[in-house]
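So the structure is just underneath, and the comments pick up after that.
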Amino acid sequence: MKITLSENQIKQLVAGALEARNNAHVPYSGYAVGASLLTEDGRIYNGCNIENASYGATNCAERTAFFKAVSEGEREFLAIAIAGGLAGQSPEDYAYPCGICRQVMKEFCKETFQIIVVKSNTDYQIFTLEELLPHGFGGDAIR
Ligand code: THU
């Protein structure tokens, strides 16, 4: 079953992801990512990537958004929009979530969770978590 987001929800998430890129801390890669995460009850948490001189300490935009939301008590999510590209420029391609971020989505989201990859306000594609992380490993396997 694919949940249907409203046009307005999609518009807000797409704009949020593009806007959140402006806060990215990317002195090493120069690749700025923004993410905008929608909860079941309609709240939105934005995030950006935050790099570190010790590269492994870098946090992706998607996980920034999730960790902000989860740390505020949120546990139910509907969708995330993601936009990435060279800082200071509009995205040239769709930015797909890395494997670690897909795994974090798996921890908190159903298979129907929507992932919107964004090039611009009018150019985006929508996938489900099931499509981007088939046969994933989740908590059900160890409970
Ligand atoms: N990055 C994200 O923010 N999200 C992803 O899903 C992939 C990669 C960031 C991490 C790093 O700051 C930069 O993009 C280059 O890898």
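Values below: every heavy atom of this structure, side chains too, minus hydrogens, waters and symmetry copies. Every number for a ligand or one of its atoms is a count from 1 in the order of the listing. A quick note: this is a predicted structure, and the numbers were derived from the prediction, not measured.
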Checklist entry - Under the 4.0 Å line, does any protein heavy atom show up next to atom 6 (O) of ligand 1? => result yes
Checklist entry - With atoms numbered from 1 as shown, which atoms in ligand 1 lie under 4.0 angstrom from a non-hydrogen atom of Glu62? => result 2 (C), 3 (O), 4 (N), 5 (C), 6 (O)
Checklist entry - Do Ile80 and Met105 come close enough that some side-chain heavy atom pair is under 4.5 Å? => result yes
Item to check | Per-atom contacts, ligand 1 versus Glu51 - under 4.0 Å to a heavy atom | outcome: 11 (C), 12 (O), 13 (C)
Checklist entry - Side chains of Thr58 and Asn52: do they bring a donor and an acceptor to under 3.5 Å? => result no
Checklist entry - To the nearest 0.1 Å, how far is atom 8 (C) of ligand 1 from its closest protein heavy atom, and which atom is that? => result Cys60 SG, 3.9 Å
Item to check | Check: Tyr96 ring centre within less than 6.0 Å of Phe127 ring centre | outcome: yes
Checklist entry - Do Glu51 and Ser29 get their side chains close enough for a donor-acceptor pair, meaning under 3.5 Å? => result yes
Checklist entry - In the protein, what heavy atom is nearest to atom 3 (O) of ligand 1, and what distance, to one decimal place, separates them? => result Ala61 N, 2.9 Å
Checklist entry - Between Asn49 and ligand 1, does any nitrogen or oxygen pair lie at a separation below 3.5 Å? => result yes
Checklist outcome for this item: of all protein heavy atoms, closest to atom 15 (C) of ligand 1 is Ser29 OG, 3.8 Å
Item to check | Proximal ligand 1 atoms for Cys98, defined as those under 4.0 Å from one of its heavy atoms | outcome: 5 (C), 6 (O), 7 (C)
Next on the checklist: Under 4.0 Å from a heavy atom of Pro97: which atoms of ligand 1 are those, numbered in the order shown and with their elements?
Outcome noted: 6 (O)
Next on the checklist: I want to check a possible cation-pi pair here: Lys119 against Tyr94, using under 6.0 Å from ring centre and within 45° of the ring axis as the test.
Outcome noted: yes
Checklist entry - Between Phe66 and Phe77, does the ring centre distance come in under 6.0 Å? => result yes
Checklist entry - For the ring pair Tyr28 and Tyr55, is the centre-to-centre distance below 6.0 Å? => result yes
Checklist entry - Can an N or O of Val33 be found at a distance shorter than 3.5 Å from an N or O of ligand 1? => result no
Checklist entry - Between the side chains of Ser6 and Asn8, does any donor sit under 3.5 Å from an acceptor? => result no
Item to check | Non-hydrogen atom of Tyr96 closer than 4.0 Å to ligand 1 | outcome: yes
